[in-house]
Every structure is written in structure tokens, then in C-alpha cells.
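In what follows, every heavy atom counts, from backbone to side chain, and hydrogens, waters and symmetry copies are set aside.
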Amino acid sequence: MQEMEMEVVADLHEASEPSTCDQQHPVNVEHLRRKIKYFFMNPCEKRSAGQKPWKLILQLFKIFFITAQLVIFGLSNQMVVTFKEENLMTFKHLFLKDYVDGDRDTYAVYRQEDVYDHISYIVEQYGLLHNITVGNHEYRRTGDAYAPLSLCQEFYREAAISPGNETVVIDAQIKTECHEVYPTYRPSLQKAIPHFELHFKRMLSVKVTFVLKAINLQTVKHRELPDCYDFTVTITYNNQVHSGRIKIDLENDVDINECREWKVTGASYIGIYWTVMFDSLIIVACITSFVLCMRSVISGIRLQIEYTHYCEASCSKEVPASDRLEFVNGWYMLIILSDTLTIIGSILKIGIQTKMLTTYDVCSIFLGTGTMFLWIGVLRYMGFFRKYNILIVTLRAAFPNVIRFLCCAGIIYLSYCFCGWIVLGPYHEKFRTLNTVSECLFSLVNGDDMFPTFKDMKQKSSLVWIFSRIYLYSFVSLFIYMVLSLFITIITDTYETIKKQQDSGLPTSELQKFYLECKDLPNSWAYRPDRNSSCFLNCCVSRCRDNQTTVTSES
């Protein structure tokens, strides 16, 4: 703390000292100062200097319209998600025997007869689909015939297992045996596959796969064209553990396609074309914003090169990396990234709206991330106000120290993750995998789910139970009472340092000390776009006007 404050005081003292560079060309130096000062002005100051704040106006335009675009796409995507989830639940009730909603226990079977009954139930339900479903589900066709159901069994090629004699002879190579069952009226497993047999002792899994087609009609009510869906349903009987418990899981892969033929009457779809025009307008706005921000980035790089050349030629010193990075505006880079993502997402959205594409997930990622970066970019304009920029400045100043601190804390965190996984995994559900261990420990750091984590530890081993108490108490004490406190201290110290710098009003870097020697106000004639190319004349006129203003005020 004391060393940091001494460094800040030293920096302020050095910043208050006048520049000692060899100024052989004062006119050119003054012109460079003015250009750098103009570059770091905020939009209000540039407005006083005679420049229209086009980028600011454009960003406000984008915030309103891109947010509206995201809401429109979100409502449309919500219908797709609802249709997927409800179809998944429908398939579970149609093809899983005795399935119950909300059952916390894993859906599984334990007897050989039950396995045959469940597989036969799937075959029967698949054949009777037209008579039992209340939806518009249909079989996929291969030519003129319906596509069959695929029943595949995976098992070890050879195995002689005798637990009573404690002997195992097994061939680790896996063999797959598949059968096809075509949908027929009143089907059964015995009729479809008369010699079907499951090799339970060496069986790894049984997968039942079939494809059903459906059409999402709820989009018609919202003046959108309907989508055609292909649902690839996979029911897996998992026996890899060979514990006498075969877990059953139903997965549903969705493929959204453009309907081959459609004709909808009684509704006007002119809104689709207005939506496409709206998305096209956003694309044009983002391209314009991209060009303007890229031009500003290039101007900053050129100005950095010019300033670096001046320091090396006239001052015989090297410009520090922090001053070089000042010319590269991170906010412009964020806006450029946001514009790029929004443009790609808008193009995908137009394709989805016109039913040329069905990549809802990819479009959601691009539009969502682009909108997030756009709203974060609003903080740039909040930073122009002295009372609001303290958050931005503090985050930027504390970022290097925070990263170093997190690296050290992350090593300790990983050590607890590995230890908890290997020791407590067999005795606690939340420590079974590294992913669940990390989630559990992160919840403990935030004070969530503490009592259940302590309570659910199985007391089968006294030694492990005692170790779990030492492990959990030490982790909570270390991270909540020490690590988080030190983390808050870093942010607080940075905040106090920035506050002292702002209260002093002195430049905090050599770059600021250089361009703040230019005393021309933003409304000065020197910053006008139509000013004379002679910098010396501009300086004289500006100083004469300042002198006249001073004399008038004194009189």
C-alpha cells in the first residue's frame, strides 16, 4: 500500500514538471500536441471544435434498433425451443414404458424380462404411431416405403465370465449387431426379429434409433412461415458398468429444414419483407459504424507512430508501452467486434426468416454476443462524465493486478478440485467428476449450498468423513475469509489511487503531460476543419483572441 502510494506521488510530481525535450521546431511540436489533444477529446468537446458526433449518433441508433432486432428474433426462437422441448417430452411418454414426469431417480431396468419388454414396447409404439400420437408426427420415407427402426446391440466379441470362480476370459474388441424393424400394424419384437437375443454378461449397450418428421404450425399464428423438423430419436440402454442396473436414456437430435411445398391462406406475410428490410438497415448501419471506427483506429495508429518518432528524434527517449496503447482505443475495437458479429448474425437471421437457413443456434450466438458487446460499449460514453467514469478507470487500472491474483488463487483452487475429486468422489455425488467438483466449490465460495454439501457426505468411512470436514472447513475459511478479502483489497486500493489522481487534476503519464501543454480550448478556432494549414498562424490567432478576451474581462 505505502509503495503504491509513493509511486503515485512520484508520478504526479514528475507529471507536474515541464517537458525538457529539445524543441527545435516549436510550430510542428505545437501542431502535434493539438492533434493528439483533439484525438483524445470526447464527443462533446469535438462538437465544440466543429465536428459532428456521427459515431455517437450512430451508436445510439444501433442500440435501439439492434435491441429491437434481438427481441424479435428471441420471440421467434422461443417458439422453436418450445417445440423441441415439448416433442422431447412427447417421445419419452410415447416410447418409454411407465415413464413418469419429474421422477428424480434415474430411469432404469434391473431384470432381463424388463429389458425385452421395454424394447418390444418401443417397437409396438413405433408401429402404432399414427393411431396413438395427438401431434402431426410422421415416419420418414425412403422412396415409397417408410424408414425402418434400427436396433443395435454392442457387446464384447468373446467373454467367459464366472464371478463364482473369480475367473474372467474376455476379448476386448467390440462387436455391433444391428436389426431393422419396419413399421407395421400390430407389430411385436418376436415377430419382427424372431431370433433376437441379448448377451447380458458381455453387453455394453443397446440403441434404438428412428426418425420422425413434424411441422411447427405455431409460427403461422405469428405471421411466419412454418418449419419442417426431422427428429432423430435415440433410446440407449446403457450397461457399461455391468452392475445389474441398465440405465435408459432418450436423446433427441433436431434437424430443421425448409418445407418443400407450403401454401397458407387467410394470413398476410408482408411483415416478413418488412423484417428483412429492417435487418438490412441494421447491416448498413453496422457497416458504416465499422468503417468509422476502423478509420479512427487507423488514425490513432498513425498518430502513435508520429508521436513515437518525435520522442525518439527530439527527446531521445523510448515511449513506454502504456503510452503506446493509449492510442489504440479499446472501445473502438469492441465496437468493431460487435459490428462484425451483428452483421453475420443479421445475415443468418435474414436467411432464417426467408427459410433459406435453419441455423437458429449459430444465429443466436452471433446476435446475442454482438448485442452484449454493443451495450458494454455504452460505458465508453458514460466515462466522459467525471462522476461515472470511476468504474471504468478502476477496472482498467486494476485489471493487471487482478489477473496475477487470479492466477495464484486459481492454482490453489485447482489443487482443491483434484483432491476433492479423488478422495471424496466415491462418497459424495457433488464430487463425482471434475466438472461437478468445480461447480460445487465455486458455489461454496459464493456462500451457496453449504449445509447440503456437508450433510450429504456418506459416513461409510470414518477416515474419509474426518478428512472431508478438514477439507471443506479449510477451503471455506481460505477462500471466503482470505482470498476474497484480498481480492476486494486490490480493487479498493486501486479505487483510492485513481481517486487521488483525479482529485489532483495532474497528468498521470508522459503522453498526457505532452498534449496537455496545448492550452487551446475545444471551441478554439484552431480545431476547426476549415482552418488554415499554417499551424503558426493558427497559434497566433488563437493567442490573440485569448489576449483580447483577457483585456476585455479586465476592463
Side-chain angles (χ1 to χ4, degrees), residues 88 90-100 103-129 132 139-140 142 145-212 230-253 425-426 429 432-433:
L88 176 61
T90 298
F91 296 147
K92 288 183 177 180
H93 281 276
L94 286 179
F95 299 106
L96 297 184
K97 188 177 181 180
D98 300 329
Y99 179 80
V100 179
D103 191 0
R104 295 184 179 181
D105 294 333
T106 303
Y107 189 73
V109 290
Y110 303 88
R111 299 184 303 172
Q112 296 183 11
E113 182 181 357
D114 291 337
V115 179
Y116 283 107
D117 288 343
H118 278 72
I119 296 176
S120 180
Y121 181 81
I122 296 172
V123 174
E124 293 174 4
Q125 294 294 96
Y126 182 71
L128 298 173
L129 180 67
I132 60 177
Y139 303 110
R140 186 180 65 175
T142 55
Y146 291 136
L149 173 149
S150 176
L151 175 59
C152 295
Q153 177 185 186
E154 292 183 351
F155 52 90
Y156 293 117
R157 181 169 296 180
E158 296 292 340
I161 303 172
S162 178
N165 298 330
E166 298 182 352
T167 58
V168 178
V169 179
I170 191 169
D171 184 354
Q173 294 185 1
I174 298 175
K175 182 179 179 180
T176 302
E177 181 182 276
C178 292
H179 303 274
E180 291 184 348
V181 179
Y182 286 87
T184 58
Y185 185 70
R186 297 295 181 184
S188 65
L189 181 61
Q190 291 76 13
K191 293 181 180 180
I193 312 174
H195 304 289
F196 179 73
E197 180 184 1
L198 295 175
H199 311 283
F200 288 101
K201 288 190 176 182
R202 52 194 176 114
M203 183 183 75
L204 293 174
S205 67
V206 176
K207 291 186 178 181
V208 182
T209 306
F210 52 89
V211 179
L212 298 179
D230 288 348
F231 294 100
T232 302
V233 182
T234 303
I235 303 175
T236 304
Y237 293 78
N238 189 348
N239 191 41
Q240 294 185 3
V241 180
H242 288 88
S243 61
R245 183 191 193 198
I246 299 179
K247 294 183 290 185
I248 305 175
D249 183 34
L250 187 148
E251 296 180 351
N252 183 24
D253 293 332
E429 187 69 25
R432 288 291 162 82
T433 64

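Here the closest heavy-atom approach between residue I174 and residue E154 is recorded as CG2-CB, 4.2 Å.
Residues meeting the side-chain contact (heavy atoms from CB on, under 4.5 Å) test with K175, sequence neighbours left out: F155. Listed by chain and number, the residues in a side-chain contact (heavy atoms from CB on, under 4.5 Å) with D171 are R157, E158, Q173 (sequence neighbours excluded). Looking at residues two or more places apart in sequence or on another chain, you find a ring-ring contact (aromatic ring centres under 6.0 Å, His included) between H179 and F196.
With hydrogens and angles disregarded, no donor-acceptor distance shorter than 3.5 Å links the side chain of D249 to the backbone of E251. In this structure, R202 contributes its side chain and Y156 its backbone to a donor-acceptor pair below 3.5 Å. Without hydrogens or angle criteria, H242 side chain to M203 main chain gives a donor-acceptor distance under 3.5 Å.
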task = Kindly determine whether I235 and I119 satisfy side chain to side chain contact (heavy atoms under 4.5 Å, CB included), including the steps that lead there.
result = CA-CA 9 Å; I235 303 175; I119 296 176; over 6 Å; no
Evaluation steps, side chain to side chain contact (heavy atoms under 4.5 Å, CB included), between F95 and H118 = CA-CA 9 Å; F95 299 106; H118 278 72; over 6 Å; no
message = The test is side chain to side chain contact (heavy atoms under 4.5 Å, CB included); show your working for V206 and V115 and say whether it passes.
response = CA-CA 10 Å; V206 176; V115 179; 5.8 Å; no
task = Decide yes or no on side chain to side chain contact (heavy atoms under 4.5 Å, CB included) for I132 and Q125, but give the supporting numbers first.
result = CA-CA 8 Å; I132 60 177; Q125 294 294 96; 3.3 Å; yes
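Atom-to-atom distance recorded for L198:CG and I246:CD1 is 8.0 Å, nearest 0.5 angstrom.
Y139 and Y126 have their aromatic ring centers within a separation under 6.0 angstrom.
The 12-atom threshold is exceeded at CZ of R432, counting heavy atoms of other residues, nucleotides or ligands nearer than 6.0 Å.
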